[in-house]
Amino acid sequence: QVRLEESGGGAVQAGESLKLSCVVSGRSFRATDMAWYHHRRPEQQRRAVAWITVDGETNYANSVRGRFTISRDDDKNMVFLQMGSLQPEDTGIYYCKVHAWDGDAGHYEDCWGLGTQVTVSS
């Protein structure tokens with residue numbers, strides 16, 4: 001079983017920064033593409049805001065491009081989201097998603113963490 005755990009969320013003022021971290025663990029796995037999703041309101045769907053391939057290629061949603069930076073450390077099985085110039089509309093729960101080979105299950109699967117709350121006040 002592949003497990004993900006996010007950390008680094010918190011309450012900040014508009015214009016400030018946060019760095020989210022996500023650690024991937026499991027008995028036998030290989031992570032490929034990784035992404036961060038934003039869930040702004042319970043009635044809305046999660047949407048991807050940043051993703052990074054196994055080769056290190058990155059892409060961003062227009063709403064965060066230039067403000068957020070995604071990175072990964074494969075030696076530590078971690079993915080990060082550096083968030084800058086935060087705005088109230090960035091408030092919500094941020095989830096880490098990893099597309100990983102689960103050696104125990106014998107197939108690739110999308111794995112999710114439980115999320116970390118980010119609250120930005122004006």
Side-chain angles (χ1 to χ4, degrees):
Q1 183 181 5
V2 181
R3 294 175 295 277
L4 281 68
E5 182 174 359
E6 302 94 338
S7 61
V12 296
Q13 297 288 320
E16 294 184 341
S17 300
L18 280 174
K19 185 174 184 177
L20 307 183
S21 300
C22 173
V23 59
V24 187
S25 62
R27 196 176 70 88
S28 175
F29 71 95
R30 184 173 67 249
T32 60
D33 298 345
M34 298 176 157
W36 286 94
Y37 279 68
H38 177 209
H39 194 192
R40 189 173 179 183
R41 296 189 181 91
E43 64 272 23
Q44 296 178 333
Q45 288 189 335
R46 303 176 188 179
R47 61 182 186 93
V49 294
W51 47 102
I52 184 167
T53 71
V54 66
D55 298 320
E57 294 183 7
T58 60
N59 205 350
Y60 300 90
N62 288 336
S63 60
V64 307
R65 192 183 307 274
R67 300 190 297 121
F68 291 8
T69 302
I70 187 171
S71 60
R72 61 191 290 165
D73 184 336
D74 291 329
D75 290 336
K76 296 180 179 178
N77 294 313
M78 296 186 72
V79 60
F80 307 96
L81 186 66
Q82 179 68 51
M83 311 167 73
S85 301
L86 283 162
Q87 299 301 317
E89 52 266 34
D90 296 319
T91 294
I93 301 174
Y94 285 78
Y95 295 90
C96 171
K97 189 189 87 170
V98 175
H99 188 65
W101 169 261
D102 187 330
D104 290 338
H107 57 71
Y108 283 96
E109 59 188 16
D110 286 336
C111 308
W112 294 84
L114 297 179
T116 185
Q117 175 72 42
V118 171
T119 302
V120 185
S121 55
S122 57

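Residue numbers start at 1 and run along the sequence shown.
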Donor-acceptor pair, distance only, cut-off 3.5 Å: does the side chain of E6 make one with the backbone of G115? yes
Residues, nucleotides or ligands: over 12 heavy atoms within 6.0 Å of Q44 CD: yes
Verify, without hydrogens or angle tests, whether T91 (side chain) and T119 (backbone) share a donor-acceptor contact under 3.5 angstrom. no
To the closest 0.5 Å, what do you measure between CD1 (I70) and OG1 (T53)? 10.0 Å
Should V24 and V2 be marked as a side chain to side chain contact (heavy atoms under 4.5 Å, CB included) after you check the CA-CA gap, both sets of side-chain angles, and the distance that decides it? CA-CA 7 Å; V24 187; V2 181; 3.6 Å; yes
Any chance you could measure T116, atom OG1, to W36, atom CH2, to the nearest 0.5 Å? 7.5 Å
Does anything in residues 15-103 pair up under disulfide (SG to SG under 2.5 Å), and if so which pairs, sequence neighbours excluded? C22-C96
Between D73 and K76, is there a donor-acceptor pair closer than 3.5 Å when you use the side chain of the first and the backbone of the second? yes
Residues in ring-ring contact (aromatic ring centres under 6.0 Å, His included) with Y94, at least two apart? H38
For Y37, check ring-ring contact (aromatic ring centres under 6.0 Å, His included) against everything at least two apart and list the hits. W112
Can you list the steps and then say if Y108 with H99 is a side chain to side chain contact (heavy atoms under 4.5 Å, CB included)? CA-CA 7 Å; Y108 283 96; H99 188 65; 3.7 Å; yes
Y95-V120 co-clustered via ILVMFWY side chain contacts under 4.5 Å: no
If every non-hydrogen atom of A14 is compared with every non-hydrogen atom of Q87, which pair is closest and at what distance? CB-OE1, 4.4 Å
Thinking salt bridges, do D90 and R67 make one under a 4.0 Å N-O criterion? yes
Are any non-hydrogen side-chain atoms of I52 and Y60 less than 4.5 angstrom apart? no
Sub-3.5 Å donor-acceptor pair from the side chain of R30 to the main-chain atoms of G103, do we have one? no
Looking at every non-hydrogen atom in both residues, tell me the closest pair between M34 and V98 and how far apart they are. CG-CG2, 3.8 Å
Any side chain to side chain donor-acceptor pair (under 3.5 Å) involving residues 7-22? Give me the pairs, sequence neighbours left out, ordered by first then second residue. Q13-S121
T69 vs L81, test: side chain to side chain contact (heavy atoms under 4.5 Å, CB included). Steps then yes/no. CA-CA 6 Å; T69 302; L81 186 66; over 6 Å; no
Among all residues two or more places apart in sequence or in another chain, which pass the side-chain hydrogen bond (donor to acceptor under 3.5 Å, both in side chains) test with R3? none
Euclidean distance, L114 CG relative to I93 CD1, rounded to 0.5 Å: 10.0 Å
Look only at the side chain of Q82 and the backbone of F80, and say whether a donor-acceptor pair between them is shorter than 3.5 Å. no
Distance in Å, H39 NE2 paired with R47 CZ, rounded so as to fall on 0.5 Å steps: 11.0 Å
Results of side-chain hydrogen bond (donor to acceptor under 3.5 Å, both in side chains) for D33 - residues two or more places apart only: none
Measuring from atom OG1 of T58 to atom CH2 of W51, what distance do you get when rounded to the nearest 0.5 angstrom? 10.0 Å
Exceeds 12 heavy-atom contacts within 6.0 angstrom, atom CD of E5: no
So does W101 get a backbone contact from the side chain of H107, meaning a donor-acceptor N/O pair under 3.5 Å? no
Distance from F29 atom CZ to D104 atom CG, nearest 0.5 Å? 11.0 Å
Considering non-hydrogen atoms only, spot the tightest contact between A48 and A61 and give its length. O-CB, 3.7 Å
